Engineer: 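I have a structure I would like to understand better, so I am pasting it below and will then ask my questions one at a time.
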Number of protein chains: 2
Amino acid sequence: MTAQDHGARPSGGRQAQRAERRAAILEAAMELIAERGYRRTSLAAVAERAGLSQQGLLHHFPTKEHLLVAVLEARDRWDLASSAAAGPGSLGTDTLAQLVDYNATRPGIVQTYTVLSADSVTEDHPARAFFESRFRAVREAMAVALRAEFGESLPGGLTPERAAPLLVAVMDGLQLQWLLDPEQVDMPAAFRDFVALLAPATGRRGED
Amino acid sequence: MTAQDHGARPSGGRQAQRAERRAAILEAAMELIAERGYRRTSLAAVAERAGLSQQGLLHHFPTKEHLLVAVLEARDRWDLASSAAAGPGSLGTDTLAQLVDYNATRPGIVQTYTVLSADSVTEDHPARAFFESRFRAVREAMAVALRAEFGESLPGGLTPERAAPLLVAVMDGLQLQWLLDPEQVDMPAAFRDFVALLAPATGRRGED
DNA sequence: GTCTATAAATCGATAGAC
DNA sequence: GTCTATCGATTTATAGAC
């Protein structure tokens with residue numbers, strides 16, 4: 001009951017302790033990046049919030065770039081978990097609207113994503129490749145979802161492939177306006193307004 | 001013809017020389033911020049590209065923050081000049097589409113705006129107030145323009161006030177996707193697709 | 001108005017003890 | 001695995017000569 005204790009309890013094993021440390025560091029990093037942006041966030045500040053020294057942090061993430069990639073992957077897993085909760089194959093505008101609702105309760109997470117994605121367009125940014133491939137994948141997923149929900153022809157003569165980048169753009173653009181001015185921008189309502197534009201049977205002509 | 005020369009030529013006066021210096025510094029700053037982002041852009045690098053020392057630069061812009069605000073104001077003047085060229089009171093979706101066309105030829109300028117606007121949502125950012133009031137003003141201008149062009153009722157039951165933030169969001173969101181992947185994202189075409197969604201007479205129902 | 005020199009702080013990262 | 005100590009580079013900004 002002494003030396004063997006390290007590997008005894010399920011939540012106290014070496015592997016589990018390591019995972020907890022990493023999780024604490026990632027949470028601290030995500031918060032600070034959301035507050036201050038990636039460049040202004042120092043490893044020392046992340047370490048302090050996570051409750052260890054800068055060098056203890058560097059044992060888990062050897063460089064600042066490694067930490068950044070881990071933060072992005074963690075955020076992606078959160079998104080995926082939210083989508084998966086709605087059931088497999090059910091990705092539609094309803095699920096997306098619920099994701100926007102969820103985002104409206106988590107400004108820190110949204111800020112992390114907004115700041116990092118825009119920052120990534122600069123030269124030699126460590127997250128550039130991540131966001132480039134992520135946007136490509138999201139556009140393709142949106143096109144598939146739009147086709148499943150509305151079929152081949154959308155209002156304005158659009159195809160699902162041409163509407164997909166607009167859907168992604170609206171989500172990102174609304175996040176920016178909402179982060180800057182949450183009192184004036186009702187992000188969830190605005191997103192549903194856009195969804196109404198995409199629904200082919202929503203036009204009001206001929207009703208009066 | 002010696003000491004008095006400084007103020008002799010119309011384009012060589014003290015005032016004019018000062019203005020030229022400031023313009024050169026602003027242009028260098030805008031380029032570097034577009035390439036590297038605001039945080040990674042050092043005053044020394046801006047000074048070098050503008051052809052003077054870092055301390056010479058600080059004579060014209062006493063802090064980095066002063067320089068940033070000047071860059072934002074200069075970019076706004078460029079935008080205004082582009083819009084004004086179309087004639088007074090003519091702000092409509094056509095003019096906006098032309099602005100998007102113009103932006104598609106100036107990735108550096110677009111990058112400056114995209115990176116700075118997203119960066120501004122972080123705590124105590126020097127450009128925060130600028131973007132907050134700018135977005136508010138742009139939304140209001142868009143609502144006025146949409147009302148003038150389409151009247152009170154838009155597709156999906158939207159009002160001009162509710163469509164305005166969507167219009168702004170699409171422009172910003174498309175810029176981000178286009179900056180990351182210009183080969184895959186046709187920004188001008190995608191924006192015109194969105195305009196087609198807003199035009200009440202564009203629906204295809206009843207035509208077949 | 002522009003320069004040289006330098007202050008003062010902070011950064012990411014390494015070395016080595018425990 | 002976490003710590004103390006510290007290096008070396010870079011940053012913004014100031015002081016003062018010309």
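Only a predicted model underlies this, so the values are computations on that prediction, with no experimental measurement involved. Scope of the values below: all heavy atoms of this structure, side chains included, with no hydrogens, waters or symmetry mates. Each chain gets a letter, A, B and so on, in the order the sequences are listed, and its residues count up from 1.
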Engineer: Identify all pairs in which a protein N or O lies below 3.5 Å from an N or O of nucleotides 16-18 of chain D, and state each distance.
Structural biologist:
none

Engineer: Tell me: CG of B:L67 to C1' of D:dT11, nearest whole Å?
Structural biologist: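 After rounding, the reported distance stands at 15 Å.
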
Engineer: Would B:R139 and A:D181 count as a salt bridge (Lys or Arg N to Asp or Glu O under 4.0 Å) if you check the C-alpha gap in whole Å, the side-chain angles of each, and the deciding distance to 0.1 Å?
Structural biologist: CA-CA 12 Å; B:R139 279 193 300 265; A:D181 208 343; 3.7 Å; yes

Engineer: Distance check needed: C:dG1 C1' versus B:R22 CZ, whole Å only.
Structural biologist: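 Going from B:R22 (CZ) to C:dG1 (C1'), I get 14 Å.
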
Engineer: Using atom CZ of A:F61 as one end and atom P of D:dG1 as the other, report the distance to the nearest whole Å.
Structural biologist: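 Those two atoms, CZ and P, are 13 Å apart.
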
Engineer: In whole Å, what is the span from the CG atom of A:L58 to the P atom of D:dA5?
Structural biologist: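 So the CG-P distance, A:L58 to D:dA5, works out to 18 Å.
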
Engineer: Tell me: CG of B:L52 to C1' of C:dT2, nearest whole Å?
Structural biologist: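 So the CG-C1' distance, B:L52 to C:dT2, works out to 8 Å.
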
Engineer: Can you see which heavy atom on A:M30 is nearest to which on A:A74, and at what distance?
Structural biologist: CE-CB, 4.2 Å

Engineer: Between A:E140 and A:R136, does any side-chain N to carboxylate O distance fall below 4.0 Å?
Structural biologist: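 Looking at A:R136 together with A:E140, the answer is no, because their closest N to O distance does not fall below 4.0 Å.
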
Engineer: For the residue pair A:T122 / B:Q111, report whether a side-chain donor-acceptor contact shorter than 3.5 Å exists.
Structural biologist: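 Short answer, no.
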
Engineer: Could you work out which one of C:dG1, C:dG12, D:dA13 sits closest to the side chain of A:Q54?
Structural biologist: C:dG12

Engineer: Among D:dA13, C:dG12, C:dG1, find the nucleotide with the atom closest to the side chain of B:R18.
Structural biologist: C:dG1

Engineer: Decide, yes or no, whether a salt bridge links A:E152 with A:R147 under the criterion of side-chain N to carboxylate O below 4.0 Å.
Structural biologist: yes

Engineer: Quick check on D:dT2: is either OP1 or OP2 less than 4.0 Å from any side-chain nitrogen or oxygen of A:H60?
Structural biologist: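 Checking D:dT2 against A:H60, a side-chain N or O does come within under 4.0 Å of OP1 or OP2.
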
Engineer: Round to a whole Å and report the spacing from NE2 of A:H66 to C1' of C:dA13.
Structural biologist: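 It is 13 Å, rounded to the nearest whole Å.
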
Engineer: Taking B:R40 for the side chain and B:R36 for the main chain, is one N or O donor matched with an acceptor at less than 3.5 Å?
Structural biologist: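 Such a contact is found between B:R40 side chain and B:R36 backbone.
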
Engineer: Any protein N or O atoms within reach of nucleotides 9-11 of chain C? Criterion: under 3.5 Å, listing atom names and distances.
Structural biologist:
none

Engineer: Kindly state whether the ring of A:H125 and the ring of A:Y38 have centres lying under 6.0 angstrom apart.
Structural biologist: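 Judged by ring-centre distance (under 6.0 Å), A:H125 and A:Y38 do meet the cut-off.
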
Engineer: Is any side-chain N of the basic residue among B:E35 and B:R49 closer than 4.0 Å to the acidic one's carboxylate O?
Structural biologist: yes

Engineer: Please enumerate all residues that pass salt bridge (charged side-chain N to carboxylate O under 4.0 Å, His left out) together with A:D101, with sequence neighbours excluded.
Structural biologist: A:R192

Engineer: Looking at B:S53, does any N or O in its side chain come under 4.0 Å of the phosphate oxygens OP1/OP2 on C:dT2?
Structural biologist: no

Engineer: Roughly how many Å is it from CD in A:E20 to P in D:dG1, rounded to a whole number?
Structural biologist: 14 Å

Engineer: Quickly work out the B:L57 CG to D:dA13 C1' distance and round it to whole Å.
Structural biologist: 12 Å

Engineer: Assuming nearest nucleotide by heavy-atom distance, tell me which of A:G56 and B:Y38 is located more 5' along DNA chain D.
Structural biologist: A:G56

